[in-house]
Protein chains: 2
Amino acid sequence: MQTAIHLLSALAEPTRLGAIRLLWDGREHCLCELMRELDATQSRMSRHMAALKHAGLVVDRRDAQWVRYRRNPHLSDNLGIIVDAVLASLPDAATRKAA
Amino acid sequence: MQTAIHLLSALAEPTRLGAIRLLWDGREHCLCELMRELDATQSRMSRHMAALKHAGLVVDRRDAQWVRYRRNPHLSDNLGIIVDAVLASLPDAATRKAA
DNA sequence: CTTTTATATATGGTAATGCGCATATGCGGT
DNA sequence: ACCGCATATGCGCATTACCATATATAAAAG
């Protein structure tokens, strides 16, 4: 129960949900890229990513100056299904790039 | 996006999630029953149910002194799938009655 | 060793959330 | 009309969440 609550709280914030959407392409993204895409300030983005990491949704890796975030490959199936369902519910406009 | 966030916030609270779990049996439950099952005070339970109603997850109906709550039958498929996935992730202990 | 770029964190302010308590309201029974 | 049960709501408080600003850390480059 506690686990599900933590996951839901982590997802229930626009910037964090946006980050999950971007990271769910399976690739790595550095903080600076997420900042740009989601139009977030540096400290905001950093804190939100720390929250997602703490919730076990993502993992990070130092690469020179950058910190690369990616989907946690060991995320349990139960929880992965929730994330997928949430992302599937988002309007396409959220998925398409501003372009 | 806004819709998903509202749903997630509504679910991200133990008493509310517990109520959803109980109501997802498809039947009606009065507030007093939910209070008892979830060990919540009257005002707490009432407010949480108001939140779930506002989020569109449940509907209510006056029946004499009681207010009967039930799953919103017009909940969109996208959102219903999320709720189902969340409930499926809960440990069995949460689903089984205290007996 | 200083500068630049990327990221994290400390600080302090504001707003949102959840709660208990008290009170109000709705409804049936007497 | 009054009482009692079920539910809703006003109020104040405590906790938490989110934010911007400023500063600290880390790594690469010159």
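The sequence lines fix the lettering, A, B, ..., with proteins before strands; numbering per chain opens at 1. Here the structure is a predicted model, which means the values were calculated and not measured.
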Are any of the side-chain heavy atoms of B:S89 and A:I81 separated by less than 4.5 Å? no

What is the minimum heavy-atom distance between A:G56 and A:L75, and which atoms define it? O-CD1, 3.7 Å

Heavy-atom side-chain contact between A:W24 and A:L57 under 4.5 Å: yes

Within residues 59-73 of chain B, the residues having a heavy atom closer than 4.0 Å to DNA chain C are B:R62, B:A64, B:Q65

DNA chain C-proximal residues of residues 43-54 of chain B, any heavy atom under 4.0 Å: B:S43, B:R44, B:R47, B:H48

For A:T15, give me all partners under side-chain hydrogen bond (donor to acceptor under 3.5 Å, both in side chains), at least two apart in sequence or on another chain. A:R44

Nearest-Å distance for atom pair CD1/C1', residues B:I5 and D:dC18: 13 Å

Global bending angle along the helix from C:dC1-D:dG30 to C:dT30-D:dA1, which compares the axes of five pairs at either end, to 10 degrees: 10°

Side-chain donor or acceptor of B:R36 paired with backbone N/O of B:D39 under 3.5 Å: no

4.5 Å side-chain heavy-atom contact, A:V86 and A:I20: no

Under a 4.0 Å heavy-atom criterion, DNA chain C is touched by chain A from C:dT5 to C:dT11

B:M35 has an atom CE; how far is it from atom P of D:dC5, in whole Å? 13 Å

In short, A:T41 meets A:M35 closest at the heavy-atom pair C-CE, 4.1 Å

Is there a side-chain contact between A:D60 and A:M49, using heavy atoms and a 4.5 Å cut-off? no

Note: A:A4 and B:L17 closest approach over all heavy atoms is CB-CD2, 4.5 Å

Of all residues at least two apart in sequence or in a different chain, which pass the salt bridge (Lys or Arg N to Asp or Glu O under 4.0 Å) check with B:R68? B:D63

Heavy-atom closest pair (A:M1 atom, B:G18 atom, distance to 0.1 Å) is CE-N, 4.4 Å

Any idea which heavy atoms bring A:H6 and A:A55 closest together, and the distance? O-CB, 4.5 Å

Should A:E13 and A:L52 count as side-chain neighbours, where that means a heavy-atom distance under 4.5 Å? no

